[in-house]
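Data first, discussion second: the structure below is written as structure tokens.
Quantities reported herein were computed from a predicted structural model and do not represent experimental measurements.
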Number of protein chains: 2
Amino acid sequence: MPKHYDLSKCQTVSEMLSRIGDKWSVLVIMMLGDGPSRFSDLKRAVVGVSQRMLTLTLRALERDGLVKRTVYPTVPPRVEYELTELGQSLRGPIQAVGGWVFNNHDKIHAARTDFDKRNNIEHADTKLARLG
Amino acid sequence: MPKHYDLSKCQTVSEMLSRIGDKWSVLVIMMLGDGPSRFSDLKRAVVGVSQRMLTLTLRALERDGLVKRTVYPTVPPRVEYELTELGQSLRGPIQAVGGWVFNNHDKIHAARTDFDKRNNIEHADTKLARLG
DNA sequence: CGGCATCCTCTGGGATACTG
DNA sequence: CAGTATCCCAGAGGATGCCG
């Protein structure tokens, strides 16, 4: 196969990474990983998420077929969310990235520190040069 | 091991997914996958990216230690970008997600269409109900 | 050529208040 | 309890112009 990347495929990957790479989707998927959960429980579990964003996140995941929403018409109302089969199947790939991040977190952090250090030094140089 | 998810790990994963899940990083990483590339070449290859965003994306990747930037002080200036070893090692996990997206693209699309259809119907119902 | 600086717009997302 | 609706702001990102 000649060197050739399917651009549309790359863009789809990029798009989907943007979708689940938003602020809350991964957290929610992970929390739903071990079974159904109610809205309030999710809200408690995913620390820091607002009611609005949890709703929007769940709707988006539901739309993509990753999450199933079940309403029990009791009073007070009870709504349960769970991963679909499709949603479950995404856990593997996500954890592949997750494992990479975990294993390389130190290198990344070191690289950032190093980069910032150099940058500050360069800036200092520039400043000194500018001051004559 | 009891049911227990390391929240900070999940958040790190989420954070990193947000970082590389931005609008351009994956495209750039993929384009750099088969060797060094100059700024203008990258700009041409990554269709739609603005000069500004390509610069910012490359800086962020460089800061994370995923991309190496080499300046050849010729005239006109020549700058080459390439994946570091760390950057190369990220291609695997990304392609894991990429493969998943590729394999399940149809299901996702179908789920979206279905969801939107239901939603429109529900909205139509609501409208009718409201009109009495 | 390979940027940085500036301006402007549009969207993500938080806070709050209201409903069934 | 599980949302919806509204307001608001910070930051992402495009367009343009200047520079070494």
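Interface residues of residues 71-84 of chain B facing DNA chain C, ordered by number: Pro76(B), Pro77(B), Val79(B), Tyr81(B); criterion, heavy-atom separation under 4.0 Å. Residues from residues 51-64 of chain A that place a heavy atom under 4.0 Å from any atom of DNA chain D, listed by number: Gln51(A), Arg52(A), Thr55(A), Arg59(A).
If you walk DNA chain D from 5' to 3' and mark each nucleotide with an atom closer than 4.0 Å to a heavy atom of chain A, the marks span dC1(D) to dT6(D).
With hydrogens and angles ignored, the 3.5 Å screen pairs no side-chain donor or acceptor of Arg69(A) with any backbone N or O of Glu62(A).
For Glu80(B), the salt bridge (Lys or Arg N to Asp or Glu O under 4.0 Å) partners at least two apart in sequence or on another chain are Arg78(B). Applying the salt bridge (Lys or Arg N to Asp or Glu O under 4.0 Å) criterion to Arg19(B), with sequence neighbours excluded, gives Asp22(B), Asp64(B). Shown here are the side-chain contact (heavy atoms from CB on, under 4.5 Å) partners of Lys23(B), two or more places apart in sequence or in another chain: there are none. Taking the side-chain contact (heavy atoms from CB on, under 4.5 Å) definition, one finds that Asp114(A) meets it with Lys117(A), Arg118(A), sequence neighbours left out. Every side chain to side chain donor-acceptor pair (under 3.5 Å) that Trp100(A) has, sequence neighbours left out, goes to Ser89(B). With sequence neighbours left out, the salt bridge (Lys or Arg N to Asp or Glu O under 4.0 Å) criterion links Arg44(A) to Asp41(A). For Glu82(A), there are no side chain to side chain donor-acceptor pair (under 3.5 Å) partners, not counting sequence neighbours. Taking the side-chain contact (heavy atoms from CB on, under 4.5 Å) definition, one finds that Val75(A) meets it with nothing, sequence neighbours left out.
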Using distance only, find each side-chain donor-acceptor pair of residues 48-59 of chain B under 3.5 Å and give its atom names and separation, not counting sequence neighbours.
residue, atom, partner, partner atom, Å
Ser50(B), OG, Met53(B), N, 3.2
Thr55(B), OG1, Gln51(B), O, 3.0
Thr57(B), OG1, Met53(B), O, 2.7

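Lys23(B) has its NZ atom 13 Å from the C1' atom of dT9(C), to the nearest Å.
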